[in-house]
Student: 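Okay, here's the structure, questions in a sec.
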Amino acid sequence: MTLQDEFKQKAAFFAAGLVESGMVVGLGTGSTTQFALQRLGERIRSGELRDIVGIPSSLRTDAAARELGIPLTDFDTHPVIDLTIDGADEVDPDLNLIKGGGGPCCGRKS
């Protein structure tokens, strides 16, 4: 694992630790989110998290979440998200984020 991957994993695990039972969680796409999905799946399987649902941002995330046992929903059923987990391609000193550095988006296969 590269140093960058280690940082992504730490950030993702921290974010996954903010999820509480009963939450609706937005699930982004990309390597950071994949780490978060792993941690969420672990927390669900251990019984630490209950009654959460995720809204995936891509088919890739949908498939990964299902494989890890994370229940999914959609905006029609849950129009309000409690927390979204996703990475960012760039962050400036004012904490403005840039997304979409060429990765999968909007339900397209990746």
Side-chain angles (χ1 to χ4, degrees):
M1 183 180 302
T2 68
L3 184 59
Q4 183 178 25
D5 286 338
E6 288 180 30
F7 289 145
K8 288 179 179 187
Q9 184 182 47
K10 286 181 183 182
F13 279 28
F14 179 84
L18 298 175
V19 177
E20 299 175 4
S21 292
M23 281 187 162
V24 177
V25 184
L27 303 172
T29 299
S31 56
T32 303
T33 298
Q34 294 306 305
F35 288 125
L37 293 175
Q38 291 170 7
R39 183 67 184 126
L40 288 173
E42 291 169 2
R43 293 184 66 205
I44 290 168
R45 285 189 300 278
S46 74
E48 180 184 346
L49 270 183
R50 292 178 307 281
D51 303 320
I52 73 156
V53 290
I55 299 178
S57 63
S58 69
L59 294 175
R60 177 174 141 191
T61 300
D62 184 294
R66 288 179 193 280
E67 186 174 310
L68 293 164
I70 300 168
L72 299 177
T73 189
D74 56 38
F75 284 115
D76 290 335
T77 307
H78 291 92
V80 177
I81 295 176
D82 297 303
L83 176 75
T84 296
I85 300 174
D86 201 356
D89 298 303
E90 292 184 40
V91 181
D92 75 11
D94 294 322
L95 299 181
N96 294 303
L97 305 177
I98 297 175
K99 291 290 304 160
C105 175
C106 311
R108 285 181 267 167
K109 270 194 172 171
S110 55

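Note: hydrogens, waters and symmetry copies are ignored here, and every other heavy atom, side chains too, is used. Owing to the predicted nature of the structure, the values given are computational and were not obtained by experimental measurement. In this chain, numbering begins with 1 at the start of the sequence shown.
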Student: Applying side chain to side chain contact (heavy atoms under 4.5 Å, CB included), can you list everything that pairs with Thr73, at least two apart in sequence or on another chain?
Tutor: Val53, Ile55, Thr77, His78
Student: Asp82 side chain to Val24 main-chain N or O, any donor-acceptor pair under 3.5 Å?
Tutor: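 Yes; at least one donor-acceptor contact below 3.5 Å.
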Student: So how far is it from Leu27 CG to Leu72 CG, rounded to the nearest 0.5 Å?
Tutor: 7.0 Å
Student: So which atom in Ala36 and which in Ala12 form the shortest heavy-atom distance, rounded to 0.1 Å?
Tutor: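 Looks like N-CB, 3.4 Å.
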Student: Got a sec, which hydrophobics cluster with Met1, joining ILVMFWY side chains under 4.5 Å apart, including via others?
Tutor: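 Direct or chained contacts put Met1 with Phe13, Phe35.
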Student: Please list, chain by chain and in numerical order, all residues satisfying side-chain hydrogen bond (donor to acceptor under 3.5 Å, both in side chains) with Thr84, sequence neighbours excluded.
Tutor: none
Student: Excluding sequence neighbours, so at least two apart, what forms side-chain hydrogen bond (donor to acceptor under 3.5 Å, both in side chains) with Asp76?
Tutor: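 Expected list: none.
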Student: Using the test side chain to side chain contact (heavy atoms under 4.5 Å, CB included), find all partners of Leu95 that sit at least two apart in sequence or belong to another chain.
Tutor: Val91
Student: Return the set of residues passing side chain to side chain contact (heavy atoms under 4.5 Å, CB included) with Phe14 (not counting sequence neighbours), or none when no residue passes.
Tutor: Leu18
Student: Is Leu59 linked to Ile70 within one hydrophobic cluster, defined over Ile, Leu, Val, Met, Phe, Trp and Tyr using a side-chain heavy-atom separation of less than 4.5 Å?
Tutor: no
Student: Please enumerate all residues that pass salt bridge (Lys or Arg N to Asp or Glu O under 4.0 Å) together with Glu42, with sequence neighbours excluded.
Tutor: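 Here the qualifying residues are Arg39.
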Student: If we ignore hydrogens and angles and just use 3.5 Å, is the side chain of Asp94 paired with the main-chain N or O of Asn96 as donor and acceptor?
Tutor: no
Student: Test of understanding: with side-chain hydrogen bond (donor to acceptor under 3.5 Å, both in side chains), list the residues that count as partners of Glu48, not counting sequence neighbours.
Tutor: Arg43
Student: Test of understanding: with side chain to side chain contact (heavy atoms under 4.5 Å, CB included), list the residues that count as partners of Ala64, not counting sequence neighbours.
Tutor: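 If we apply the side chain to side chain contact (heavy atoms under 4.5 Å, CB included) test to Ala64, skipping adjacent residues, the hits are Gln34, Leu37.
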Student: List, by chain and number, the other hydrophobic cluster members for Leu3, where Ile, Leu, Val, Met, Phe, Trp and Tyr join if side-chain heavy atoms come within less than 4.5 Å, directly or indirectly.
Tutor: Phe7
Student: If only atom types and distance count, is the side chain of Thr29 paired as donor or acceptor with the main-chain N or O of Thr61 below 3.5 Å?
Tutor: no
Student: Determine, using the 4.5 Å side-chain heavy-atom cutoff (strictly less than), whether Val25 and Leu68 are members of one ILVMFWY cluster.
Tutor: yes
Student: Run the side-chain hydrogen bond (donor to acceptor under 3.5 Å, both in side chains) test against Asp5 and tell me which residues pass, sequence neighbours left out.
Tutor: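 So Asp5 forms a side-chain hydrogen bond (donor to acceptor under 3.5 Å, both in side chains) with Thr2.
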Student: Determine whether Val19 and Leu83 make a side-chain contact, defined as any pair of heavy atoms from C-beta on separated by less than 4.5 Å.
Tutor: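 Yes, side chains in contact.
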Student: Are Ile85 and Met23 linked, directly or through intermediate hydrophobic residues, by side-chain heavy-atom contacts shorter than 4.5 Å (ILVMFWY only)?
Tutor: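 They do share one cluster, since a chain of ILVMFWY contacts under 4.5 Å joins Met23 to Ile85.
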Student: Only pairs at least two apart or in different chains count here, so list each salt bridge (Lys or Arg N to Asp or Glu O under 4.0 Å) that has a residue in residues 62-75.
Tutor: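 Sorted pair list: Asp62-Arg66.
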